[in-house]
Engineer: 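Here it is: the structure, laid out below.
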Amino acid sequence: MVAFTLKPTQILRGILSASLLSLMSLEVLITAAFGNPPPASVETKLKVPSTMTSWPFNTSRYLKVPPNFSASVYARINKARFMAVAPNGDLLVSQPSTGKVLIVRPNGSKDPIISDFVTGLRKPHDIVFHKIGNTTYIYIAETHQINRFIYNSGDIVAKNRQIVVIGLPDSSTSELKGSYGHELKNIALDANHKLYVSIASTCNACKQDTVSNPKRGAIYVYNADGTNQRLFAQGLRNAEGLAFVPGTNDFWVVVNNRDQIAYPFNDSSGNYGKIIPSYVDNHPPEEFTRVRDGGNYGWPFCNPNPDTPNGLNNMPFDRDYQYNADGNVNCNALDKITKGIQAHSAPLGLTFLQNTNFPSLYSSGVVTALHGSWNRQKKTGYKISYFPWNSTTKTPGDEMDLVNGWLIPETQEVWGRPVDMVVDQQGNLLISDDYSGTIYKLSYTPSQQVKVYKDPNLTGVSQSFPTTPGVYKANQGGLNVVGNDAISSLSVPSGTVVRVCQNETGGLCREFSAGDYKSLGADLDNIISFIEVK
């Protein structure tokens, strides 16, 4: 296979729009051969309603997305942070700067209707819907406490408030004297109705957070009603995105790691204990890690090291020069970080795509929003990262871009900073941006081609066919890419019916209407030699 790189920017801004679709299809074909869905590769013009063209949309903006995706501005909400989709499809958005959680409701072809869902809160941040028995609750985290409200489908204001956790530390805590660097709270609930609360650090790095009560740079667990508080895990400087792998109690977080780290090696470089910008740029990595009950993940005494043969996977720890130069804390005894992310990327929201309506090629994966760096010599982040999920090892694969473009590399201009992502009932990915004050919608439009794949789950080598009626046979070269008999899954666009058969002259046949079919059935998988597009 010949390796090459498409340059969609040149194509999109030129006059070759008719050629772009075929190039996109070819890119999907080549990428699919490697088993992962295609990453962001097509620079597409952001669709902006005429009512929402204030900065930064007073000029054309572009985002790079995977083939067959488009991006649009759905709503403008100043300093929008975390989000949740209600059971009826409404969108809740936290606005810590105003003490509000807003509700965003669709309004046909018009701009969505935005109104106050609850007001008067202290910097509300994370929002989680959770059902216990026949009751649906909305949990909303304030800096000093966790609330829950009883939700009935269609509610447009919060009702039946219960305060389930009180006394969380924030800038009003007397010992902190008004200073708390990461006082916003993030939460999650598991299938056993346990409530997890991230109490982030007050500082970049400090020992006092490790001996406070409650500990900071830690996660606590409670019953869903706020009773039975206990320490769950520590050494997590600022765990923002908290999420469970759907259908499991496997608990994962993304963590904003420390800044201005001193060079930790007493070697011949002469840099020991110094702040070296080139070292700070890439150390320590941000963290995407599974969290176990009783785990300790290092901060502020031990920092994950990405400079070993493992790279960003299961990194060993280095002693922190500032707080553990003498090795008083045994870094080898701590829980390794599962996956590293480029230092200073500032991951915030974390969303697993399993059991959502997001396009099936990506639905076995997880996304995180990289809010972007503030102290790196060359900016990094400002994008949505996607990790394919390995269901065998139950770990994330290699990171790839799902959406980028909020940072313009040539000028280092930043016009957006993503925070959180949710999948709506239609399968769109909604993305909040607290810098430009925007909710974006990433939408998938299947190309109007039949696609067949060598392997199950719409993976492996693929081949595309027009939706116009036609017959394709292995012995006549019609299946010249997938090859004789090797077809296990297919995607059929709207308005099309496809018939597949075991061999060129008949045998077992089956028809498929519009949809994605991750398996053709054990009796047909890998024994298809005839395809008819009807």
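Throughout, numbering of the chain's residues begins at 1 and tracks the sequence.
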Engineer: So does Arg105 pair up with Asp90, basic N to acidic O under 4.0 Å?
Structural biologist: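 Answer for the salt bridge query: no.
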
Engineer: Specify whether Phe129 and Tyr151 have parallel, tilted or perpendicular ring planes, treating 30° as the upper limit for parallel and 60° as the lower limit for perpendicular.
Structural biologist: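 Phe129 and Tyr151: perpendicular rings.
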
Engineer: In Å and rounded to the nearest 0.5 Å, what is the NE2 to CG distance from His130 to Asp190?
Structural biologist: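 With rounding to 0.5 Å, NE2 (His130) is 7.0 Å from CG (Asp190).
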
Engineer: With sequence neighbours left out, which residue pairs that include part of residues 370-382 fulfil the salt bridge (Lys or Arg N to Asp or Glu O under 4.0 Å) condition?
Structural biologist: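 Counting only pairs at least two positions apart or across chains, no salt bridge (Lys or Arg N to Asp or Glu O under 4.0 Å) contact touches residues 370-382.
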
Engineer: Distance from Asp401 atom CG to Leu63 atom CG, nearest 0.5 Å?
Structural biologist: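 Reported value, rounded in 0.5 Å steps: 11.5 Å.
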
Engineer: State, yes or no, whether a side-chain contact exists between Trp389 and Pro396 at a heavy-atom distance under 4.5 Å.
Structural biologist: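 Trp389 reaches Pro396 side chain to side chain.
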
Engineer: Could you tell me if Glu240 and Asn256 have a donor-acceptor pair between their side chains, going purely by distance under 3.5 Å?
Structural biologist: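 Their side chains do not contain a donor-acceptor pair, so the 3.5 Å distance test is not met.
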
Engineer: For Ile113, does its backbone N or O pair with a side-chain atom of Asn107 as donor and acceptor, under 3.5 Å?
Structural biologist: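 Absent.
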
Engineer: In Å and rounded to the nearest 0.5 Å, what is the CG to CZ distance from Asp111 to Arg76?
Structural biologist: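 Interatomic distance, Asp111 CG to Arg76 CZ, rounded to 0.5 Å: 11.0 Å.
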
Engineer: State, to 0.1 Å, how close Phe57 and Met52 come at their nearest heavy-atom pair, and which atoms those are.
Structural biologist: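 Result for this residue pair: CD1-O, 3.7 Å.
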
Engineer: Under 3.5 Å, is there a donor-acceptor pair between the His125 and Asn186 side chains?
Structural biologist: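 Indeed, the side chains of His125 and Asn186 share at least one donor-acceptor pair under 3.5 Å.
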
Engineer: Which pair of heavy atoms, one from Phe251 and one from Ala188, lies closest together, and at what distance?
Structural biologist: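 Nearest heavy atoms, Phe251 then Ala188: CE1-CB, 4.3 Å.
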
Engineer: Could you grab the distance from atom CD1 of Ile219 to atom OG of Ser198, nearest 0.5 Å is fine?
Structural biologist: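 Between atom CD1 of Ile219 and atom OG of Ser198 there are 5.0 Å.
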
Engineer: Output, in order, the C-alpha distance, side-chain angles, deciding distance and verdict of side chain to side chain contact (heavy atoms under 4.5 Å, CB included) for Val498 and Phe465.
Structural biologist: CA-CA 11 Å; Val498 173; Phe465 306 102; over 6 Å; no

Engineer: Between Leu350 and Val253, is there a side-chain heavy-atom distance shorter than 4.5 Å?
Structural biologist: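 Heavy-atom side-chain distance check fails, nothing below 4.5 Å.
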
Engineer: Hey, is the main chain of Thr392 close enough, under 3.5 Å, to the side chain of Lys394 for a donor-acceptor pair?
Structural biologist: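 Flag not set: sc Lys394 to bb Thr392 has no pair under 3.5 Å.
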
Engineer: Any donor-acceptor pair under 3.5 Å linking the side chain of Lys64 with the backbone of Val42?
Structural biologist: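 No, Lys64 side chain to Val42 backbone: no donor-acceptor pair under 3.5 Å.
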
Engineer: Is it true that a side-chain atom of Asn357 and a backbone atom of Gln425 form a donor plus acceptor pair closer than 3.5 Å?
Structural biologist: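 Answer holds: yes.
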
Engineer: Verify the distance criterion only: is there a donor paired with an acceptor across the side chains of Ser519 and Asp525 at less than 3.5 Å?
Structural biologist: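 Yes, side-chain donor-acceptor contact under 3.5 Å.
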
Engineer: Is there a side-chain contact between Tyr62 and Leu46 in this structure, where contact means two heavy atoms from C-beta onward sitting under 4.5 Å apart?
Structural biologist: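 Tyr62 vs Leu46: side chains apart.
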
Engineer: Apply the test side chain to side chain donor-acceptor pair (under 3.5 Å) to residues Ser345 and Gln342: give CA-CA distance (whole Å), side-chain angles for both, the deciding distance (0.1 Å), then the verdict.
Structural biologist: CA-CA 6 Å; Ser345 296; Gln342 169 63 51; 5.7 Å; no

Engineer: Between atom OG of Ser360 and atom NZ of Lys518, what is the distance when rounded to the nearest 0.5 Å?
Structural biologist: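 Interatomic distance, Ser360 OG to Lys518 NZ, rounded to 0.5 Å: 5.5 Å.
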
Engineer: Is the backbone N or O of Ser115 less than 3.5 Å from a side-chain atom of Lys100, with the two atoms forming a donor-acceptor pair by type?
Structural biologist: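 Side chain of Lys100 to backbone of Ser115, a donor-acceptor pair under 3.5 Å: no, none is there.
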
Engineer: Could you tell me the separation between the OH atom of Tyr472 and the CD atom of Glu532, rounded to the nearest 0.5 Å?
Structural biologist: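 Going from OH on Tyr472 over to CD on Glu532, the span is 10.5 Å.
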
Engineer: Taking atom NZ of Lys79 as the centre, does the number of heavy atoms from other residues, nucleotides or ligands within less than 6.0 Å exceed 12?
Structural biologist: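 No, NZ of Lys79 has 12 or fewer neighbouring heavy atoms, counting only those of other groups under 6.0 Å.
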
Engineer: Please test Leu102 against Asp116 for side chain to side chain contact (heavy atoms under 4.5 Å, CB included), starting from the C-alpha separation and ending with a verdict.
Structural biologist: CA-CA 5 Å; Leu102 304 175; Asp116 294 346; 3.2 Å; yes

Engineer: Where do Val419 and His371 land on the side chain to side chain contact (heavy atoms under 4.5 Å, CB included) test, with the steps shown first?
Structural biologist: CA-CA 6 Å; Val419 175; His371 197 229; 3.9 Å; yes

Engineer: I'd like to know if the side chain of Arg61 reaches the main chain of Pro56, judged simply by a donor and an acceptor atom lying under 3.5 Å from each other, with no hydrogens or angles considered.
Structural biologist: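 Between the backbone of Pro56 and the side chain of Arg61 there is a qualifying donor-acceptor contact (under 3.5 Å).
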
Engineer: Parallel, tilted or perpendicular: which fits the ring planes of Trp415 and Trp406, with parallel below 30° and perpendicular above 60°?
Structural biologist: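 Tilted: the ring planes of Trp415 and Trp406 meet at 30° to 60°.
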
Engineer: For this output row, return yes or no: ring centroids of Phe358 and Tyr386 closer than 6.0 angstrom.
Structural biologist: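 No, the ring centres sit 6.0 Å or more apart.
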
Engineer: Which heavy atom of Arg81 sits nearest a heavy atom of Ser432, and at what distance?
Structural biologist: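 Shortest heavy-atom separation between Arg81 and Ser432 comes out as O-OG, 2.6 Å.
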
Engineer: Side chains of Glu399 and Ser385: donor-acceptor distance under 3.5 Å anywhere?
Structural biologist: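 Looking only at side-chain atoms, Ser385 and Glu399 do form a donor-acceptor pair, the distance falling under 3.5 Å.
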
Engineer: Please report the C-alpha distance between Trp252 and Phe387 in whole Å, then the side-chain angles of each, then the deciding distance to 0.1 Å, and finally whether the ring-ring contact (aromatic ring centres under 6.0 Å, His included) criterion is met.
Structural biologist: CA-CA 13 Å; Trp252 289 76; Phe387 296 84; 9.5 Å; no

Engineer: Write down the atom of Arg237, the atom of Val255, and the distance for their closest heavy-atom approach.
Structural biologist: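 The pair with the smallest heavy-atom distance is N-CG1, 3.8 Å.
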
Engineer: Keeping the roles fixed (side chain from Thr467, backbone from Thr496), state whether a donor-acceptor pair exists under 3.5 Å.
Structural biologist: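 Here the side-chain-to-backbone pair does not exist.
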
Engineer: Can you tell me which residue pairs pass the salt bridge (Lys or Arg N to Asp or Glu O under 4.0 Å) test with a partner in residues 414-424, sequence neighbours excluded?
Structural biologist: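 Sorted pair list comes back empty.
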
Engineer: Output, in order, the C-alpha distance, side-chain angles, deciding distance and verdict of side chain to side chain contact (heavy atoms under 4.5 Å, CB included) for Val367 and Tyr362.
Structural biologist: CA-CA 10 Å; Val367 286; Tyr362 297 83; over 6 Å; no

Engineer: Using a 3.5 Å distance criterion without hydrogens, assess whether the side chain of Ser94 forms a donor-acceptor pair with backbone atoms of Phe82.
Structural biologist: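 Side chain of Ser94 to backbone of Phe82, a donor-acceptor pair under 3.5 Å: yes, one is there.
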
Engineer: Donor-acceptor pair, Asn404 side chain versus Lys383 backbone, under 3.5 Å?
Structural biologist: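 Not at all, since once roles are kept as given, no pair shorter than 3.5 Å links the two residues.
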
Engineer: Side chains of Asn428 and Ser443: do they bring a donor and an acceptor to under 3.5 Å?
Structural biologist: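 Side chains of Asn428 and Ser443: pair found under 3.5 Å.
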
Engineer: Heavy-atom count around Asp398 CG within 6.0 Å, excluding the residue itself: above 12?
Structural biologist: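 No.
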
Engineer: Do Met83 and Leu91 have side chains that get closer than 4.5 Å, going by heavy atoms?
Structural biologist: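 SC-SC contact between Met83 and Leu91 confirmed.
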
Engineer: Minimum heavy-atom separation for Asp455 and Ser489, please, with both atom names.
Structural biologist: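 Result for this residue pair: O-OG, 2.6 Å.
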
Engineer: Taking the side chain as every heavy atom from C-beta outward, state whether Ile439 and Val104 have any atom pair closer than 4.5 Å.
Structural biologist: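 Ile439 vs Val104: side chains apart.
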
Engineer: Yes or no on ring-ring contact (aromatic ring centres under 6.0 Å, His included) for Tyr435 and Tyr382, after CA distance, side-chain angles and deciding distance?
Structural biologist: CA-CA 11 Å; Tyr435 185 66; Tyr382 310 96; 8.3 Å; no

Engineer: Looking at Thr356 and Leu353, what are the two nearest heavy atoms and their distance?
Structural biologist: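 Looking at all heavy atoms of both residues, the closest pair is OG1-O, 2.6 Å.
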
Engineer: Only one of Thr338, Val254, Leu312, Ile337 passes side-chain contact (heavy atoms from CB on, under 4.5 Å) with Phe288; say which it is.
Structural biologist: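 Of the listed options, the one satisfying the test is Val254.
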
Engineer: Do the non-hydrogen side-chain atoms of Leu402 and Val65 ever get within less than 4.5 Å of each other?
Structural biologist: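 SC-SC contact between Leu402 and Val65 ruled out.
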
